[in-house]
Amino acid sequence: MQELSQTDNINKNIIAFWGYPQKALINEYKTKYPKAKWVDLDIDYKYPDLKFTPDAYCTIIKNICNNAFYLKDRIITVLAPIGKDKCDSAYFISEILKNEGFNVVQCIFEDKCPDISKIKLPISKSNLPLKEKVEIITKNIYEQKDYSYLKETKPSFGFWGVPPNDLDILNLFPNNTELFGWIRAIEAGYPGDWEIETYVDENLPTVFFTQAFCSKTTLAKYLANKYQGLYIDIDAIPSNSAKAKIEAFLKLR
Amino acid sequence: MKIYIDAGTTWTKILKTENDKKEYSIIPTKDLKSLNLKYDKCTGHSLSKDKNIYENEVVALANGAKKYLEDDFIALDLGSRDIKYVQYQNKKFKDMDWNASCASATGATIEMLLKFYNVDVKNLKYNPQKYSVTCGIFGLEKIMDDIAQGVSAETAISKFIHGIAFNAYNFAKNPSKICISGGFCENLCFIESLKQYCEVIPLGRFVLVDGLMANDIKTN
């Protein structure tokens, strides 16, 4: 499908993406469409549920479908990571979106970090509220602001995983909770780096979180057992028992 | 006087303390509101979670069973609608789980079965056979099938309870020692069934209110 230029259709003003497309690709589209609005399709904007996927399916992929189809008339291009930096479901959805008339640019960002000891993680290690940390990191995929001024804090807990569909679950954690897992790999700039994604501080009580029906559930469970953390998977909205479980873990550890 | 309450789905456990004297009581949770009871600390599914006085149920369980946890028992609470456990290692928290999503293999189901078949819990005896209650609903189907074929309701319910005990043992990751909290402590068929798999100490129904009191004393 031929891409539209910015003046072709006044209604088309969105560059949509999921996961973490390479900076070079993001910058290319920022230059091409300087006035475009950037929309992270992973996030739940409460658009209508189109029931595009089976019910028992990853909520984040459901979000991608619901958001993409709701915004279809306004989307210029979808930047679609499909490698180990995202997941197989993203590959299938990217192909389906192509079939449905979207302009999709598939990308794979599996670069290995050459020296893990040199990565900078000011947001993950800061004293900002955990929810804010996650929001800043995901926004920074396209905003690319400098947060090196943030002070590092001594962590008392760890949170491993991906940004939850319902970010309010993060309000249960104290500010000095350090981020690990895929979200840490995002801040480091290497979303497909196994070593960064699986690293945790073994002395830190850590909650290993995944969305239900995500293939990362196995990794989360494995790491939770290995580091005596709390494994938890949550579907769209956390149940009271899921919240209580996290709360008890934080209090008892 | 200090009052601690554990308001479960069906039953509310109350501990009143004054000058080292303790008074325990149980009332149906549906009657709690009409009592207008003023309490100092609380836990349980049926209360609003005012953070000044509310304690997480697993934390209350851990505090109430601390002595046993530090002796390497798993503390397991099997209530009307949920099941939860805590494990310590080297006197420190190690593991926990809490399943409140399915109540088809918990206390409320047993109470309903006993009422439906008009069976007294005291007449239930341990049965070496068990139904699989990984899903309690399928377990209920087996009870009905067995009874339709002439098995007594007492025997069928005993097999179901054995299944619940086995389920609880698996849920707690097959420990060698369990101390059990909640209404199932008074169900001898359950306790005997659980004893087939591990050492069991029934702690009674007031572990969580004891935990509230212990933590209250510690923090004041």
Side-chain angles (χ1 to χ4, degrees), chain A residues 55-56 59 129 155-160 165-166 168-175 177 200-213 217 220-253, chain B residues 6-9 41-51 54-66 69-70 74-77 79-103 106 171 173-174 208 211-212 214-215 218-219:
Chain A
D55 286 344
T59 300
S156 59
F157 292 100
F159 177 89
W160 181 98
N165 177 65
D166 182 355
D168 285 349
I169 193 90
L170 302 174
N171 291 332
L172 296 172
F173 293 80
N175 289 0
T177 301
V200 289
D201 179 343
E202 58 188 55
N203 299 312
L204 218 50
T206 297
V207 172
F208 292 83
F209 165 85
T210 59
Q211 290 297 146
F213 312 112
T217 48
K221 197 166 170 51
Y222 169 75
L223 293 173
N225 285 337
K226 186 174 175 182
Y227 296 110
Q228 293 192 4
L230 176 71
Y231 165 77
I232 193 149
D233 65 74
I234 293 174
D235 194 9
I237 303 292
S239 63
N240 284 336
S241 100
K243 286 183 194 166
K245 236 165 139 170
I246 293 174
E247 200 178 76
F249 178 80
L250 298 177
K251 279 193 178 179
L252 292 170
R253 286 294 294 260
Chain B
D6 166 18
T9 309
K41 294 280 171 194
C42 64
T43 189
H45 174 70
S46 300
L47 290 170
S48 68
K49 294 171 176 53
D50 173 352
K51 63 180 175 187
Y54 186 86
E55 185 61 275
N56 181 295
E57 289 173 62
V58 171
V59 176
L61 172 66
N63 287 328
K66 198 172 179 201
L69 285 165
E70 290 181 349
I74 293 264
L76 184 127
D77 183 271
S80 279
R81 68 180 291 274
D82 68 352
I83 179 168
K84 45 195 171 283
Y85 83 85
V86 193
Q87 182 184 17
Y88 275 29
Q89 190 177 51
N90 300 327
K91 301 192 189 299
K92 281 187 175 169
F93 172 84
K94 184 191 173 207
D95 198 8
M96 59 155 286
D97 204 353
W98 190 347
N99 180 5
S101 305
C102 177
T106 51
F171 175 72
K173 298 181 185 165
N174 313 112
L208 272 66
L212 291 176
N215 200 39
K218 197 173 128 192
T219 50

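Just so we're on the same page: letters track the sequence lines, and every chain starts at 1. Because only heavy atoms are used, hydrogens play no part in the values below, and waters and symmetry mates are left out as well, while side chains stay in.
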With a 4.5 angstrom heavy-atom cut-off, is it the side chain or the backbone of B/Glu57 that approaches chain A, or both, or neither? neither

Looking only at heavy atoms, which of residues 201-210 of chain A get nearer than 4.5 Å to chain B? none

Is the distance between the ring centroids of A/Phe159 and A/Phe173 less than 6.0 Å? yes

On a heavy-atom basis, which atom in B/Gly44 and which in B/Asp6 lie closest, and how many Å separate them? CA-OD1, 3.8 Å

Do side-chain atoms of B/Asn90 reach the backbone of B/Lys92 as a donor and acceptor pair under 3.5 angstrom? no

Going through the distances and angles, do B/Glu55 and B/Asn215 end up as a side-chain contact (heavy atoms from CB on, under 4.5 Å)? CA-CA 9 Å; B/Glu55 185 61 275; B/Asn215 200 39; 3.1 Å; yes

Spatial distance of atom OG1 (A/Thr59) from atom CG (A/Asn165) [nearest 0.5 Å]: 5.0 Å

Within the 4.5 Å heavy-atom criterion, are A/Ile169 and A/Lys243 side-chain neighbours or not? yes

Partner of B/Tyr85 under ring-ring contact (aromatic ring centres under 6.0 Å, His included), picked from B/Phe93, B/Trp98, B/Phe171, is B/Phe171

What residues of residues 245-253 of chain A sit under 4.5 Å from chain B when you count only heavy atoms? A/Lys245, A/Glu247, A/Ala248, A/Phe249, A/Lys251, A/Leu252, A/Arg253

Any idea which heavy atoms bring A/Ile232 and A/Ala242 closest together, and the distance? CD1-O, 3.5 Å

Close side-chain approach of B/Lys84 and B/Met96, heavy atoms under 4.5 Å: no

If one checks every heavy atom of B/Asp97 against chain A at 4.5 Å, the contacting part turns out to be both

Sub-4.5 Å side-chain heavy-atom contact between B/Lys173 and B/Gln87: no

